[in-house]
There are 2 protein chains.
Amino acid sequence: MTKALPPTDAKRMHEIAEKLHSGALRLLRRLRKFDSEAQISAPKLSALSVLVFGGPQGLNDLAGAEQVRAPTMSRLVAELEADGLVRKTTDAADRRGIKIAATAKGQALMERGRARRLQHLTAAIAALPADERKALAIAGPLMLKIASQ
Amino acid sequence: MTKALPPTDAKRMHEIAEKLHSGALRLLRRLRKFDSEAQISAPKLSALSVLVFGGPQGLNDLAGAEQVRAPTMSRLVAELEADGLVRKTTDAADRRGIKIAATAKGQALMERGRARRLQHLTAAIAALPADERKALAIAGPLMLKIASQ
DNA sequence: TGACTTAGTTAGCAAAACTAAATATATTAT
DNA sequence: ATAATATATTTAGTTTTGCTAACTAAGTCA
């Protein structure tokens with residue numbers, strides 16, 4: 001069952017990608033369980049999260065990011081705005097467009113969930129040997145870099 | 001703006017956790033955009049994903065994992081079953097329970113999305129310098145380990 | 001045995017998500 | 001100026017989600 005020959009470069013890249021993907025997926029899925037308050041639906045929470053972690057953006061961009069049609073996102077944003085979690089401002093340069101941004105309240109909401117997740121993740125990391133911790137310390141910023149390419 | 005003193009251990013752990021968390025989050029959010037087919041609603045896709053990547057399980061476990069009540073999951077599973085993506089078998093040992101498992105069709109559906117995501121991730125990884133790639137190769141399995149604690 | 005617990009389902013209902021089509025308004029191109 | 005395009009919203013409708021309460025069936029306990 002052991003590999004007799006060294007895998008090709010392409011194979012190795014793919015294997016790293018595979019493991020990274022499933023690792024990230026499973027980790028976040030696990031941490032998600034510690035969220036449990038929020039008082040806000042999944043689609044709205046997801047949209048708010050995009051705004052908090054990805055910065056202010058227009059309606060179509062946000063709809064695209066969330067893979068919904070514009071009217072759907074328009075409603076979600078209106079509801080988030082009614083809850084005081086988001087603010088809409090008309091773009092001065094192009095006055096058809098709006099800029100949707102998370103309010104302090106919206107950021108605080110995401111922050112509370114994030115804090116709970118981080119509490120558990122921090123504990124897990126603290127229990128690791130130093131070399132493994134080191135690898136994770138490098139990997140975090142790297143994933144971010146890949147994500148923003 | 002530079003740190004005059006070395007941060008405490010607790011602070012370092014927390015910072016690693018922070019970066020890892022946001023890195024994983026942003027990376028997956030980015031890769032998610034390459035999904036775009038599926039033809040299945042988000043709650044169902046998420047449940048199916050749990051089954052494919054987490055293995056067969058009972059209704060209550062699945063409901064817990066997805067943070068929904070049992071009746072809701074019961075219906076979602078029934079719909080997935082009607083689509084041939086999932087199979088229910090009664091547990092021989094405890095005949096109240098059922099075991100819900102993804103079918104080959106269900107696995108294939110997830111696999112297609114996964115393949116598209118991996119294609120992009122592999123390309124990004126291949127473009128990295130060797131040492132960074134190395135860190136990611138270690139981080140993937142590590143995140144998985146943390147997730148399954 | 002009979003009472004209790006556990007796993008899952010069914011029924012009925014309210015809320016939410018999502019869509020296409022139509023509309024208002026601003027911008028760009030001819 | 002006029003037509004075409006782009007951004008966002010409203011309307012009107014369907015579909016899906018998700019809940020509680022009530023139920024069936026199987027296991028456990030005393």
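Every chain is numbered from 1 and lettered A, B, ... according to where its sequence line falls, protein lines coming before strand lines.
Annotation: of the two residues near DNA chain C, A/P43 and A/R95, the 5′-most nearest-nucleotide partner is A/P43. With DNA chain D read from its 5' end, the first of the two nearest nucleotides for A/A42 and A/K88 is the one closest to A/K88.
Relative to the side chain of A/I98, the nucleotides C/dA17, D/dG18, D/dA8 differ in distance, and D/dA8 lies closest. Residue B/A70 places its side chain closer to C/dT9 than to any other of D/dA8, C/dT9, C/dA17. In this structure, of C/dT27, C/dA17, C/dT10, it is C/dT10 that holds the atom nearest to the side chain of B/P71.
Note on A/A47: nothing from the nucleic acid sits closer than 4.0 angstrom, heavy atoms only.
Ionic pairing of B/E81 and B/R87 is not present here: no N-O contact between side-chain nitrogen and carboxylate oxygen is shorter than 4.0 angstrom. Using a cut-off of 4.0 Å between Lys/Arg side-chain N and Asp/Glu carboxylate O, A/R32 and B/E66 are scored as salt-bridged. Using a cutoff of 4.0 Å between basic side-chain nitrogens and carboxylate oxygens, A/E15 and A/R12 are not scored as salt-bridged.
One interatomic measurement links the two molecules: CD of B/E79 to P of C/dT10, which rounds to 12 Å at whole-angstrom precision. What separates CG of A/L76 from P of C/dA17 is a distance of 6 Å, to the nearest Å.
For C/dT6, the base has a donor-acceptor partner in the side chain of B/R96 [N/O atoms by modelled type, under 3.5 angstrom].
Contact annotation: B/T72 does not reach the phosphate of D/dT17 (side-chain N/O to OP1 or OP2, under 4.0 Å). Side-chain N/O atoms of B/S74 include none lying less than 4.0 angstrom from OP1 or OP2 on C/dG8.
Side chain to side chain, B/R29 and A/S49 meet the donor-acceptor criterion of an N or O pair below 3.5 Å.
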